[in-house]
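All ligand and atom numbering here is 1-based and tracks the order in the structure.
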Amino acid sequence: MSFTSIPAALPSPLTPFSLDDWPHDAPCVWVKRDDLIHPYISGNKWRKLAYTNIEKAHHVMSIGGGYSNHLHALGYKCATSGVPFTALIRGNYADSLTPMLIDLQSWGCQIHFLSKAQYAQRESSTFASWRESVFGPHTYIPEGGSTRLAVLGVLDMMKEISMLTKLHARNLPTHFVAPVASGATLAGMIKGSNQSQYVLGIAVLKGQNYLEDQVQRFIDTGDTNWRITHDFVHKGYAKSSPELLAFCNKVNSTTDISVEPVYSGKAFYALDQLIKQKHFKQSDNIVIVHTGGLQGARVNSNQK
Ligand SMILES: *Cc1c(COP(=O)(O)O)cnc(C)c1O
């Protein structure tokens, strides 16, 4: 099949944001609209793959869940580059392909389902040899696309924020906020900030200590201007709560941005709560990164 690759829209805009029930002394909030970069390579997945050069690969492989934004982004990138791609999927969706998997299939990607036990072994050397023996030589990109190159891509986003802040004659951000899953996005934000700025990660899955370690592997021990809050997980990854869904609906119907309950909704919900709890000063300048999340919106419309 043939593809026209859609170019990325960069730099993504930095736009003001507020909600009508915020206190009068709420801080200034700006949204870095990485959700607008590309219709298929959603948000931070575009940043994370920007330096991953797959053009010369013979066969690319990666791993993730049935709604993974990363697999969707990488599958699209491989398809537009004419590189064979295999997605290893946690669990068996053969009888009920998710919208993400249907896209992969229509782009000619290969899908291989893994049992939960196999998936749990994904970091082991036995798993790597299993991959080699079943699929032959391939370029393997870890879950979420989280590599050192991914962190470099996120650094470019931080440079755009500085550039746009100057362009709008705004004060420098005091805080950066973003959702955290595999940690590379937050790591890039920490590396791209200075010690007088604070980076707050919003955990979207249960993983106290685990998520901190995921971030720490990409940054220096001297980087201490960051923290992850685990207070807004809402029961677990891709799990929701009536409060979270109501909040997403409110943002989607009353503002010009769209959020979904898996990533961006949880991050914006957390920021909303922290603002209402007066966690910030009125003089603070917060930049929340809209990391995208096409597949998360599809979860929302597909789950009963
Ligand atoms: C993958 C993803 C994240 C998590 O980013 P990590 O670098 O894995 O922490 C956040 N938001 C969206 C929309 C994502 O697709």
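- Residue-ligand proximity: K48 is placed with a non-hydrogen atom under 4.0 Å from ligand 1.
- Between K45 and ligand 1, a contact under 3.5 Å exists for at least one N or O pair.
- For atom 15 (O) of ligand 1, the nearest non-hydrogen atom from the set V289, V204, V262, N69 comes from N69.
- Ligand 1 has no nitrogen or oxygen under 3.5 angstrom from a nitrogen or oxygen of L186.
- The closest heavy-atom contact to atom 3 (C) of ligand 1, among the options T291, V259, V215, N44, comes from N44.
- Under a 4.0 Å heavy-atom criterion, G183 is in contact with ligand 1.
- When side chains are defined from C-beta on, F135 counts as touching W130, because their heavy atoms get closer than 4.5 Å.
- The closest side-chain heavy-atom distance from M189 to Q197 is not below 4.5 Å.
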*Under the side chain to side chain contact (heavy atoms under 4.5 Å, CB included) criterion, do I257 and F268 qualify, and how do the steps go?*
CA-CA 11 Å; I257 70 165; F268 277 79; 3.5 Å; yes
_Pair D272, K250 - check salt bridge (Lys or Arg N to Asp or Glu O under 4.0 Å), show working._
CA-CA 12 Å; D272 174 73; K250 178 185 161 144; over 6 Å; no
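- In this structure, P179 counts as a contact residue of ligand 1, since one of its heavy atoms falls inside 4.0 Å of the ligand.
- Residue contact check: G293 has heavy atoms under 4.0 Å from atoms 13 (C) of ligand 1.
- Side-chain heavy atoms closer than 4.5 Å link hydrophobic residues (I, L, V, M, F, W, Y) into clusters, and following such links, even through other members, never connects Y269 to V233.
- Close to ligand 1: G292, with a non-hydrogen atom less than 4.0 angstrom away.
- The aromatic rings of H138 and Y140 sit perpendicular to each other, their planes meeting at more than 60°, with 30° as the lower class boundary.
- Using a 4.5 Å heavy-atom cutoff, the side chains of W226 and I219 are in contact.
- Every side chain to side chain contact (heavy atoms under 4.5 Å, CB included) that T174 has, sequence neighbours left out, goes to D284, N285.
- With ligand atoms numbered from 1 in the order given, ligand 1 contributes 5 (O), 6 (P), 7 (O) to contacts under 4.0 Å with heavy atoms of T185.
- The pair R47-E160 counts as a salt bridge, with a side-chain nitrogen and a carboxylate oxygen less than 4.0 angstrom apart.
- Among protein heavy atoms, atom 10 (C) of ligand 1 sits closest to Y263 CD2, 3.3 Å.
- Not close to ligand 1: H70, with no non-hydrogen atom less than 4.0 angstrom away.
- For the pair A184 and ligand 1, a heavy-atom separation below 4.0 Å is found.
- Look at V180 and you'll find a heavy atom under 4.0 Å from some atom of ligand 1.
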*Test ring-ring contact (aromatic ring centres under 6.0 Å, His included) on W22 and F280 and set out the steps.*
CA-CA 12 Å; W22 282 0; F280 298 102; 9.5 Å; no
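- Among all non-hydrogen protein atoms, the one lying nearest atom 8 (O) of ligand 1 is S182 OG, 2.5 Å.
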